[in-house]
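Here is the structure we will look at, set down as structure tokens.
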Amino acid sequence: MPITHEGLAREFEFVSSPGERKHISEAIDGTAPIMQEMAYELIVGNNTEVDRLTQEALANGFTANQLLDDGLLNGMAIVGVKFRDNLIFVPEVLVAARAMKAGMAHIEPILSASGAKPAGTVIMGTVKGDLHDIGKNLCIMMLRGAGFVVHDIGVDSSPDDFIDAAEEHSAEVVGMSALLTTTMPNMGRTIAAFEDMGLRDEVRIMVGGAPVTQDFADEMGADAYGDNAVDAVDKAKELVLLLAELKSS
Amino acid sequence: MSPVIEKMTSRERVMAALAGEPVDRPPVCTPTNVATVELMDLVDAPFPDANRDGEMNARLAATAYTELGFDTIAPYFSIIQESSALGCDMQWEQKDNWPTVRMSNPIWKSSSDVKIPSGFLEHPDAKAITDSIRILKQEFGDEVAVVGKTMGPWTLAYHVFGVEPFLLGTVDDPTETMKSLEALKEITILYGQAQIDAGADVLTVPDHATGDLVSGEYYRRFLMEMHQEIEEELSVPLILHICGATVDRMPYIAETGMAAFHFDSKNDPVEAMEAVGGKIRLVGNINNPTTLYSRGPEEVRAEVNAALDAGVQLIAPECAIPLKTKLENLLEIPSAIEDWVAERGLN
């Protein structure tokens with residue numbers, strides 16, 4: 001039995017795909033009891049406990065990377081699976097995200113000061129005319145947790161806002177979010193603006209948001225579609241590699 | 001649908017379909033709206049002004065019937081009129097973008113803050129719609145169904161509390177959430193009644209407890225009874241509108257007593273019909289961003305046929321359409337229905 005924490009073991013049972021069970025159990029296997037407790041408290045959205053456990057673990061000599069990988073991200077991996085499988089919905093994800101933020105508040109300054117090479121640079125924003133930001137913010141939190149430098153340009157972002165930010169920060173990936181069927185076409189307009197400026201080959205563009213589909217992403221000319229925040233991280237990793245290959249060839 | 005029904009007016013057709021009675025053909029409905037930039041230019045009634053001026057609003061709304069051949073006219077284009085009248089921070093946008101509420105600057109924090117301002121119904125942004133309904137009723141009388149719209153308490157809560165604080169509150173303090181929804185429900189009823197008094201034949205009640213955000217169980221727990229109460233209070237047929245995946249909550253929605261449910265293209269029409277079990281009519285569910293916006297009439301026709309084949313009683317775009325949607329795609333909807341009926345010799 002790789003998972004010793006009773007609550008976390010129960011939560012792990014929600015992971016049904018054999019591949020994911022193997023991947024997540026290997027990540028949790030052998031982690032310290034306090035990390036498993038932290039993962040569990042994150043899943044159930046107990047931000048006070050995550051805050052306390054993070055401080056306690058740091059005081060006991062665990063590294064910031066251990067806390068992130070063994071505690072918070074293992075918890076978020078199960079949250080991501082439950083969300084994707086419609087076992088939980090946005091309110092439950094929001095309380096888990098709030099708990100993750102409570103932990104990250106202690107961890108992020110240490111990671112930033114360590115000078116580790118980021119996984120990539122990403123610009124994230126919600127498209128013009130759309131003021132929804134929950135999905136975008138969840139993606140940003142997960143991307144940062146996975147080691148990306150993320151520049152959040154906020155909601156109601158015009159094509160120029162995306163282009164200016166991508167140029168200013170030499171971003172590899174641009175992520176666009178939309179929650180409204182009425183604003184989704186602005187994703188296509190933003191991609192067209194990158195083309196018009198001759199910058200389309202400089203970045204890879206991913207899109208997401210509740211009404212967005214793979215078909216729509218293809219139709220708009222996006223490079224990737226993220227079905228949820230966990231998927232967005234995987235797609236961002238793939239896009240960074242793809243861009244590096246394109247630029248080296 | 002009975003094979004021998006005399007030709008109906010648009011209004012008769014819509015009212016019959018909503019009542020579950022026989023119709024000469026399935027109606028084309030606009031529970032949300034079909035305003036486009038092209039139509040704004042045609043009648044010189046651009047956004048954002050057409051949302052805020054009754055006369056201009058009526059001119060644009062009427063095009064659904066006069067230009068597109070739909071069986072309804074829906075003058076409330078957006079989802080923000082009440083929220084503006086309540087004092088929310090608004091972004092009115094330009095001609096080619098929808099007006100919206102800046103939900104990151106919520107006006108209220110708890111149920112005790114919920115107060116209907118005196119003169120709410122006289123606020124220009126609330127009155128624009130009731131004025132428009134009066135104009136439309138005078139002009140079109142019994143010819144076409146005028147569909148008003150009053151926001152449900154869940155959608156109002158997003159606007160006045162902010163989406164994230166409101167959804168977090170549903171976990172942290174569900175009792176407080178219920179109190180807020182109870183208080184906001186009074187706004188739904190007040191504005192709905194004002195539109196009925198102005199002459200609305202039907203009301204859409206958008207209440208975005210969508211499967212993209214919350215579970216079907218949430219709908220049952222927080223909203224099902226509240227929607228039953230709204231249905232009891234408002235005397236015209238109500239069309240509940242919820243975007244996104246909703247099949248999991250359709251059995252609960254079917255118990256509200258509302259006349260119809262306006263559903264999204266994320267739901268298969270056959271599954272949707274099975275989920276409601278004949279207890280509520282369905283309106284929908286032509287895809288907006290891909291089919292109506294990006295594709296052509298052929299794809300629109302295929303979706304209309306799929307909905308009709310499944311037994312969907314009123315055909316409509318799934319939600320408010322992108323403002324640059326091509327008119328030829330919208331015109332294809334009534335045309336496809338006519339052909340579907342003719343091919344089956346139904347009238």
Side-chain angles (χ1 to χ4, degrees), chain A residues 44-48 82-83 85-99 101 126-138 154-156 158 177-189 207-221 227-228, chain B residues 32-33 35 77-79 89 91 93-94 96-105 158 162-172 174 177 208-218 243-245 248 264-266 287-295 317-325:
Chain A
V44 298
N46 192 339
N47 56 318
T48 315
K82 288 178 76 178
F83 181 62
D85 293 348
N86 291 332
L87 298 169
I88 58 171
F89 290 79
V90 169
E92 296 83 2
V93 174
L94 284 175
V95 292
R98 184 172 60 184
K101 268 186 208 160
T126 307
V127 296
K128 183 75 189 151
D130 200 323
L131 304 187
H132 296 85
D133 61 1
I134 289 178
K136 169 183 71 65
N137 293 345
L138 289 172
V155 297
D156 193 25
S158 68
S177 169
L179 194 80
L180 304 172
T181 58
T182 51
T183 57
M184 283 164 61
N186 290 333
M187 292 176 159
R189 288 180 200 133
V207 297
V212 181
T213 60
Q214 181 68 58
D215 277 354
F216 183 79
D218 295 342
E219 196 98 32
M220 294 294 108
D227 186 48
N228 55 58
Chain B
T32 45
N33 82 89
F77 302 125
S78 64
I79 57 167
D89 187 7
Q91 184 160 312
E93 287 289 354
Q94 304 299 316
D96 59 351
N97 260 329
W98 287 89
T100 185
V101 175
R102 293 194 183 103
M103 289 173 286
S104 53
N105 299 330
Y158 288 155
V163 179
E164 191 167 330
F166 174 67
L167 291 179
L168 279 169
T170 62
V171 179
D172 292 340
T177 299
H208 298 85
T210 160
D212 296 323
L213 291 175
V214 298
S215 64
E217 178 56 21
Y218 252 54
C243 301
D248 64 348
D264 187 304
S265 65
K266 277 195 176 175
N287 175 279
N288 286 347
T290 302
T291 308
L292 282 172
Y293 177 74
S294 305
R295 300 274 167 82
E318 60 184 339
C319 190
I321 57 171
L323 294 172
K324 290 189 177 168
T325 300

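In the text below, chain A, chain B and the rest are named by the order of the sequence lines, each starting its count at 1.
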Identify which part of B/F166 has an atom lying under 4.5 Å from any heavy atom of chain A, answering side chain, backbone, both or neither. neither

Derivation of the side-chain contact (heavy atoms from CB on, under 4.5 Å) call for A/D156 and B/E93: CA-CA 10 Å; A/D156 193 25; B/E93 287 289 354; 3.7 Å; yes

Which atoms of A/D130 come close to chain B, meaning under 4.5 Å heavy atom to heavy atom: side chain ones, backbone ones, both, or neither? neither

Can you tell me how far NZ of B/K266 sits from OG1 of A/T213, rounded to the nearest 0.5 angstrom? 8.5 Å

Can you tell me how far the CG atom of B/D89 sits from the CG atom of A/L131, to the nearest 0.5 Å? 9.0 Å

Based on non-hydrogen pairs under 4.5 Å, which of B/D172, B/V163, B/T170 is most in contact with chain A? B/D172

Below 4.5 Å, heavy-atom pairs only: which of B/T100, B/V171, B/L168, B/N97 has the largest tally toward chain A? B/L168

Heavy-atom pairs under 4.5 Å with chain B: which of A/L87, A/L179, A/L94, A/I88 has the most? A/L94

When only pairs under 4.5 Å are counted, which of A/E92, A/H132, A/K128, A/R98 shares the most heavy-atom pairs with chain B? A/R98

Are any of the side-chain nitrogens in B/D96 or A/R189 under 4.0 Å away from the carboxylate oxygens of its partner? no

Find out whether A/M220 and B/S294 are in side-chain contact, i.e. whether some heavy atom of one side chain is under 4.5 Å from a heavy atom of the other. yes

With a 4.5 angstrom heavy-atom cut-off, could you sort out which part of B/E217 is near chain A: side chain, backbone, both or neither? neither

Which heavy-atom pair separates B/A320 from A/T182 by the least distance, and what is that distance? O-CG2, 3.3 Å

In this structure, are over 12 heavy atoms from other groups packed under 6.0 Å from B/Q94 atom CD? no

Contact leader toward chain A among B/N288, B/L213, B/L167, where contacts are heavy-atom pairs under 4.5 Å: B/L213

Please report the closest heavy-atom contact between A/F216 and B/P289, naming both atoms and the distance. CE1-O, 3.7 Å

Answer with side chain, backbone, both or neither: which region of A/N186 has an atom nearer than 4.5 Å to a non-hydrogen atom of chain B? side chain

Turns out that what part of A/P185 lies under 4.5 Å from chain B's heavy atoms comes down to both

What distance separates A/I134 CD1 from B/M103 CE, expressed to the nearest 0.5 Å? 8.5 Å

Determine the minimum heavy-atom distance between A/F89 and B/D248, stating which atoms define it. CZ-OD2, 4.4 Å

